Amino acid sequence: MKKALATILALAMVFALAACGGGGGTTEPAPAATTPAATTPAATTPAASGPKTYKVGVAIYQFDDNFMTLYRNELLSYFESLNNDTVKYDVTIVDGKNDMAEQNNQIDNFITQGMDAIILNLVQTSSADAAIDKIVAANIPLILINREPLGDNGDESYKGILDNAKVCYVGADARQSGTYQGEIIRDLANKGDINGDGKVSYIMIEGDPENVDAQYRTEFSVKALTDAGITVECLDDQIGNWAQAKGQEICANDLAKYGDAVEVVFCNNDAMALGAATAITAAGRTVGQDIYLVGVDALEECQQMVKDGTMTGTVLNDHIGQSHTAVDVTVKALNGENIQNYYWVDYVKVTG
Ligand code: GAL
């Protein structure tokens, strides 16, 4: 059914493009059929000179996100570095403002604007199928980034779409980042058990719960401890939606409520860890002495904090590797080369 709809849509697009004169750079209206003036200049096509231009649409889930800001800036500058006399990438980047309806409109606009490729950082991975269907139907190569649409529920229709030769996902395996966070605590001399009561008591500050990054980091950070035979106690697990202010608020509340019982603060990302660090200092606690704090992303501030000892550790979420891979794959697809379904970039543990 979906396939039939996709075919109809694809055909509709072909006809629509044909009606618009092929969608290339020439927007000259066709001369009216009834007035074939003999004086009409025969050649209207300009000489083939200047670089070949590809239009690339990039939809980011939200500009207001520390990590995705680094990512999109690197993506843009890497595209720019590839421009030369023969090829030019005309990149349009839009802010989904964390609103799926807004992002759907942006995708529709990209399709009508005749983008040659689309790079998509979904607002809601649960809406992946609808968004992907539209882009596939328009026969536009699609490079999904940062938010892997396939959750634990194993969405088969998404898998089917990924089989499409022009769709792929570029990202990092969030399980690895969670495991690294847990290992950073496991490898401490006291294995995270500061008060020596035989268990590691922690609070978990989660990102957007719909996001596999949040789900896997939450699960695998703790699993790394239990796999090492360490007993754990979860004092609290709250949603901070990747945001610094929420991280601070949640951590401050938990420190007020559980006091010295809190031994480890796990944050699904560094932005929330930055907030937690503020709360930890305000509560008179000292990282490395009476509490541990870990995040993910390795934001510059956090790398410095790890060096200074005000953060126990973080995990590099390689925005350079990921954005460059996304661009390289886009270029491959634009050149009509085969692309794989998945491209993975490794996380790296960062400790002092
Ligand atoms: C994660 C990153 C978070 C946030 C999120 C957005 O990979 O660690 O900081 O940017 O992506 O989807």
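FYI, the numbering just counts along the sequence from 1. Computed over heavy atoms, backbone and side chain alike; hydrogens, waters and symmetry mates excluded. Worth saying up front: this structure is predicted, and the values here are computed from it rather than measured. As the structure lists them, so they are numbered: ligands from 1, and atoms in each ligand from 1.
- Defined by atom type and a distance below 3.5 Å, a donor-acceptor pair is missing between the side-chain atoms of Asp208 and Tyr61.
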Would you tabulate the polar-atom pairs, meaning N/O of ligand 1 against N/O of the protein, with distances under 3.5 Å, reported to 0.1 Å?
{"residue": "ligand 1", "atom": "7 (O)", "partner": "Asn146", "partner atom": "ND2", "Å": "3.3"}
{"residue": "ligand 1", "atom": "7 (O)", "partner": "Asp213", "partner atom": "OD2", "Å": "2.6"}
{"residue": "ligand 1", "atom": "7 (O)", "partner": "Arg217", "partner atom": "NH2", "Å": "3.3"}
{"residue": "ligand 1", "atom": "7 (O)", "partner": "Asn317", "partner atom": "ND2", "Å": "3.1"}
{"residue": "ligand 1", "atom": "8 (O)", "partner": "Arg217", "partner atom": "NH1", "Å": "2.8"}
{"residue": "ligand 1", "atom": "8 (O)", "partner": "Arg217", "partner atom": "NH2", "Å": "3.4"}
{"residue": "ligand 1", "atom": "8 (O)", "partner": "Asp297", "partner atom": "OD1", "Å": "2.6"}
{"residue": "ligand 1", "atom": "8 (O)", "partner": "Asp297", "partner atom": "OD2", "Å": "3.4"}
{"residue": "ligand 1", "atom": "8 (O)", "partner": "Asn317", "partner atom": "ND2", "Å": "3.3"}
{"residue": "ligand 1", "atom": "9 (O)", "partner": "Asn269", "partner atom": "ND2", "Å": "2.9"}
{"residue": "ligand 1", "atom": "9 (O)", "partner": "Asp297", "partner atom": "OD2", "Å": "2.7"}
{"residue": "ligand 1", "atom": "10 (O)", "partner": "Asp65", "partner atom": "OD1", "Å": "2.8"}
{"residue": "ligand 1", "atom": "10 (O)", "partner": "Asp65", "partner atom": "OD2", "Å": "3.1"}
{"residue": "ligand 1", "atom": "11 (O)", "partner": "Asn146", "partner atom": "ND2", "Å": "3.0"}
{"residue": "ligand 1", "atom": "12 (O)", "partner": "Asn146", "partner atom": "OD1", "Å": "2.7"}
{"residue": "ligand 1", "atom": "12 (O)", "partner": "Arg147", "partner atom": "NE", "Å": "2.7"}
{"residue": "ligand 1", "atom": "12 (O)", "partner": "Arg147", "partner atom": "NH2", "Å": "3.3"}
{"residue": "ligand 1", "atom": "12 (O)", "partner": "Asn211", "partner atom": "OD1", "Å": "3.4"}

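- For Ser323, the side-chain contact (heavy atoms from CB on, under 4.5 Å) partners at least two apart in sequence or on another chain are Tyr71, Glu74, Leu75.
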Which donor-acceptor pairs under 3.5 Å do the side chains of residues 229-236 make with protein atoms, sequence neighbours left out?
{"residue": "Glu233", "atom": "OE1", "partner": "Ser201", "partner atom": "OG", "Å": "2.6"}
{"residue": "Asp236", "atom": "OD1", "partner": "Gln238", "partner atom": "NE2", "Å": "3.2"}
{"residue": "Asp236", "atom": "OD2", "partner": "Gln238", "partner atom": "NE2", "Å": "3.2"}

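- The side-chain hydrogen bond (donor to acceptor under 3.5 Å, both in side chains) analysis of residues 326-340, with sequence neighbours excluded, yields the pairs Tyr78-Asp328.
- Remark: Lys52 is positioned above the aromatic ring of Tyr54, its terminal NZ or CZ atom under 6.0 angstrom from the ring centre and at most 45 degrees off the axis.
- Judged by the 6.0 Å distance and 45° axis criteria, Arg217 is not positioned over the aromatic ring of Phe266.
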